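Before any comments, here is the structure.
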Amino acid sequence: MGRAAPSSSPSSPQLGRKRTAAPTPEPPTPQRHCSMVDVMRRSRAVAAPPPVARARVYTYYETLLCETCGLGDRDDEMLLCDRCDRGCHTFCLRPIAAKVPIGPWFCPVCAPPTMAPKSFPVKQTKIVDFFRIQKDEQDAQAAKCRLSQDGRRRRKRSLVMHKRRRRILPFVPSEDGARRLKQMASLATALTSSKTKFSNELTYMPNMAPRSSNLARLEVLPKEDKENIELCRTMQQRGECPPLLVVFDPLEGFTVQADGDIKDMTFLAEYTGDVDYLENRENDDCDCIMTLLLPADPSQMLVICPDKRGNISRFVSGINNHTPDGKKKQNVKCVRYDMDGESHVLLVACRDIACGEKLYYDYNGYEHAYPTHHFF
C-alpha cells in the first residue's frame with residue numbers, strides 16, 4: 001500500500017505561515033561632516049610670518065608749487081591731485097573753488113569727462129560772476145534739500161516698518177565637501193600660525209572677568225534671529241561652515257574673503273575669545289581686541305581677547321574710517337545683542353558680498369577710540 005499524501009490544511013506545522021509586523025522606520029540621522037575641531041587636530045603652521053600692522057608711509061610735499069601761479073604759499077588752500085600729485089590753489093582754479101573739496105580731487109588735466117567742470121567762462125573778469133555762480137548753486141542745493149526733506153517725511157513710516165522686518169539670515173554653506181574642507185583648512189592654518197586655539201564660544205578663564213560680570217544691558221535678540229543663530233551653531237558642529245576663506249596677504253597679514261556669494265544680513269560668525277576687563281588689557285599688544293560691554297563704570301568694561309582662543313572673526317580686516325574710500329569697503333557690521341542675559345557680538349553682512357570679495361568692518365562701530373589712520 002502506498003503512503004498517504006501530506007495534508008495541505010492550514011493547521012499543518014510544516015506549511016503554516018506566521019505574519020510579523022514591519023519594523024518602525026527610524027528618523028534619518030543628520031549627516032555629520034568633518035568639523036573644525038577635526039581639522040585643527042591635523043593643522044600645521046605655515047612659514048609665513050604672523051600678521052603685523054603695516055604703518056602707512058606718508059610723503060610730505062614741502063616744495064609743492066601751484067601749477068597756475070607758480071607759488072607755494074597759502075598751503076592751507078592748496079589742492080593736491082589724487083592722480084598726478086600736481087598742486088593748485090583754490091583761488092587759481094577756473095571756476096574758483098569756494099573751499100577745499102571733501103574726498104578725492106583731480107586736476108583739470110586728470111579729471112574724467114564725467115567730473116569735468118561745467119561750462120564757465122575761461123577768464124572771470126569780474127568777481128561778481130563768482131558770487132553769482134555760487135548763489136545759483138546754493139539756491140539749487142536748497143531746493144534739492146527741501147524736496148529731499150519732503151520725501152523723507154512721506155517715506156518715514158514705510159522705512160521704519162521695513163527696518164523692523166529685517167532679520168538675521170543663516171549662512172548657506174558650500175555644497176561641495178572638498179570646498180568646505182579647504183575653507184576650514186585655511187582657518188586652521190591661520191589659527192595655528194597665530195598660536196591660537198579654535199573656539200566658537202566666549203571663554204571665561206581664571207584671573208580674568210567672570211561670567212557673572214557679563215550682564216547684558218542691550219536689546220534682546222528676537223526669537224526668530226536667535227533660532228537662526230542656533231541653526232548656524234548646529235551646522236558648524238556638523239562641519240558645515242560659512243563660505244569664507246582665510247588668505248595670507250604680505251601687506252595686511254591674514255585676511256578673510258568670501259568663497260561664495262553672501263546675501264545682505266547673513267550671519268557670518270560670533271566674535272569669540274577670552275572675556276576680560278579692559279583695565280587688565282590696557283598695555284596688551286593684541287591688535288584684535290573687541291569691546292563686549294560698555295557699562296557706566298569704566299572699571300567694569302569688558303573686552304573679547306582672541307589672542308589665545310578664537311575663530312575666523314579675529315582675521316576680518318578693519319576699514320580706515322577717516323577716508324571716504326575706506327568707508328566704501330565696509331561690507332560687515334558688528335551687532336551686539338542680549339542672548340540669554342549675556343552680551344554677544346555678532347558679525348553680520350551689511351550688504352550683498354560677491355565671491356572673492358574681502359571682508360571689512362568698522363573697528364569704531366561701538367565707540368570712536370580706536371586709531372585706524374594707518375589702515376588700508
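Quick caveat: nothing in here was measured; it's all calculated off a predicted structure.
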**Message:** Show me the pairs that pass ring pair (Phe, Tyr, Trp, His ring centres under 6.0 Å) and involve residues 217-244, at least two apart or across chains.
**Reply:** none
**Asked** Considering only heavy atoms from C-beta outward, does the side chain of H344 approach that of L221 to under 4.5 Å?
**Response** no
**Item:** By salt bridge (charged side-chain N to carboxylate O under 4.0 Å, His left out) - contacts of D340 (at least two apart)
**Value:** K226
**Prompt:** Do you know the tightest heavy-atom contact between L293 and A216?
**Reply:** CD1-CA, 4.4 Å
**Prompt:** Cluster question for you: counting only ILVMFWY and a side-chain heavy-atom cut-off of under 4.5 Å, with indirect links fine, are F248 and L191 together?
**Reply:** yes
**Item:** With sequence neighbours excluded, residues passing side chain to side chain contact (heavy atoms under 4.5 Å, CB included) with P210
**Value:** S212, S213, Y277
**Asked** Pairs in or reaching into residues 180-231: which pass ring pair (Phe, Tyr, Trp, His ring centres under 6.0 Å), with residues at least two apart or in two chains?
**Response** none
**Fill in**
When rounded to the nearest 0.5 Å, the distance separating CD1 of I229 from CD1 of I168 is 5.0 Å
**Prompt:** Does the S343 side chain pair with the main chain of L292, one donor and one acceptor, at a distance under 3.5 Å?
**Reply:** yes
**Fill in**
Using a 4.5 Å side-chain heavy-atom cut-off and chaining through intermediate ILVMFWY residues, the residues clustered with M205 come out as M208
**Prompt:** Please walk me through it: do L294 and R336 pass side-chain contact (heavy atoms from CB on, under 4.5 Å)?
**Reply:** CA-CA 11 Å; L294 192 62; R336 289 167 175 80; over 6 Å; no
**Item:** Separation between CG of N280 and OG of S299, rounded to the nearest 0.5 Å
**Value:** 10.5 Å
**Prompt:** How close do Y360 and G318 get, heavy atom to heavy atom, and via which atoms?
**Reply:** CD2-O, 3.8 Å
**Item:** Close side-chain approach of Y271 to P306, heavy-atom, < 4.5 Å
**Value:** yes
**Request:** Scan side-chain atoms only and decide if S174 and D176 contain a donor-acceptor pair under the 3.5 Å cut-off.
**Result:** no
**Message:** Once rounded to the nearest 0.5 Å, what's the spacing between atom CG of D276 and atom CE of M301?
**Reply:** 12.0 Å
**Message:** Donor-acceptor check, side chain of R180 to backbone of E175, threshold 3.5 angstrom: yes or no?
**Reply:** yes
**Asked** Side chains of C334 and M290: does their closest heavy-atom pair fall under 4.5 Å?
**Response** yes
**Derivation of the side-chain contact (heavy atoms from CB on, under 4.5 Å) call for Q257 and T255** = CA-CA 7 Å; Q257 71 179 29; T255 60; 5.9 Å; no
**Request:** Not counting sequence neighbours, which residues clear ring-ring contact (aromatic ring centres under 6.0 Å, His included) with Y337? List them please.
**Result:** none
**Request:** Kindly compute the distance separating SG (C92) from CG (L71), expressed to the nearest 0.5 Å.
**Result:** 8.0 Å
**Prompt:** Is the number of heavy atoms from other residues, nucleotides or ligands within 6.0 Å of CG (D297) greater than 12?
**Reply:** yes
**Request:** Find the distance between NE2 (H89) and SG (C69) and round it off to the nearest 0.5 Å.
**Result:** 5.0 Å
**Item:** Residue pairs passing the salt bridge (charged side-chain N to carboxylate O under 4.0 Å, His left out) test where at least one lies in residues 190-206, sequence neighbours excluded
**Value:** none
**Message:** Can you give me the closest heavy-atom contact between I312 and A269, atom names plus distance?
**Reply:** CG2-CB, 4.0 Å
**Asked** I262 versus L244: any side-chain heavy-atom pair under 4.5 Å?
**Response** yes
**Prompt:** Is L359 close to F315 at the side-chain level, that is, under 4.5 Å between some pair of heavy atoms?
**Reply:** no
**Message:** Suppose we screen for side chain to side chain contact (heavy atoms under 4.5 Å, CB included). Which residues come up paired with E77, at least two apart in sequence or across chains?
**Reply:** R74, T90, F91
**Message:** Quick check against the 3.5 Å criterion: does T272 have a side-chain atom that pairs as donor or acceptor with the backbone of S199?
**Reply:** yes
**Request:** Evaluate the side-chain proximity of C66 to M78: yes if any heavy-atom separation is below 4.5 Å, no if none is.
**Result:** yes
**Request:** Applying side chain to side chain contact (heavy atoms under 4.5 Å, CB included), name anything that partners D259, two or more places apart in sequence or on another chain.
**Result:** R179, Q183, L245
**Prompt:** Looking at side-chain heavy atoms only, is the closest gap between M235 and F171 below 4.5 Å?
**Reply:** yes
**Item:** Non-neighbouring partners of R309 that pass salt bridge (charged side-chain N to carboxylate O under 4.0 Å, His left out), sequence neighbours left out
**Value:** D274
**Nearest-0.5 Å distance that lies between atom CG in L187 and atom SG in C241** = 8.5 Å
**Request:** Could you list the residues that satisfy side chain to side chain contact (heavy atoms under 4.5 Å, CB included) with P170, not counting sequence neighbours?
**Result:** N228, L231, C232
**Prompt:** Looking only at atom types and distance, does a side-chain atom of R233 sit under 3.5 Å from a main-chain N or O of N200, one as donor and one as acceptor?
**Reply:** no
**Message:** With salt bridge (charged side-chain N to carboxylate O under 4.0 Å, His left out) as the rule and sequence neighbours excluded, what pairs involving residues 204-220 come up?
**Reply:** R211-E342
**Complete:** Closest non-hydrogen atoms of I353 and A258, given as atom of the first, atom of the second and distance, are CG2-CB, 3.9 Å
**Asked** Do V256 and V332 have side chains that get closer than 4.5 Å, going by heavy atoms?
**Response** no
**Request:** Assess whether atom NZ of K308 is packed by more than 12 heavy atoms of other residues, nucleotides or ligands within 6.0 Å.
**Result:** no
**Prompt:** Does any N or O in the side chain of N331 come within less than 3.5 Å of the main-chain N or O of R351, such that one atom is a donor and the other an acceptor?
**Reply:** no
**Request:** Could you pull out the closest heavy-atom pair between N214 and L302, with the gap in Å?
**Result:** CA-CD1, 3.7 Å
**Fill in**
Heavy atoms of M265 and R167 approach each other most closely as CB-O, 3.6 Å
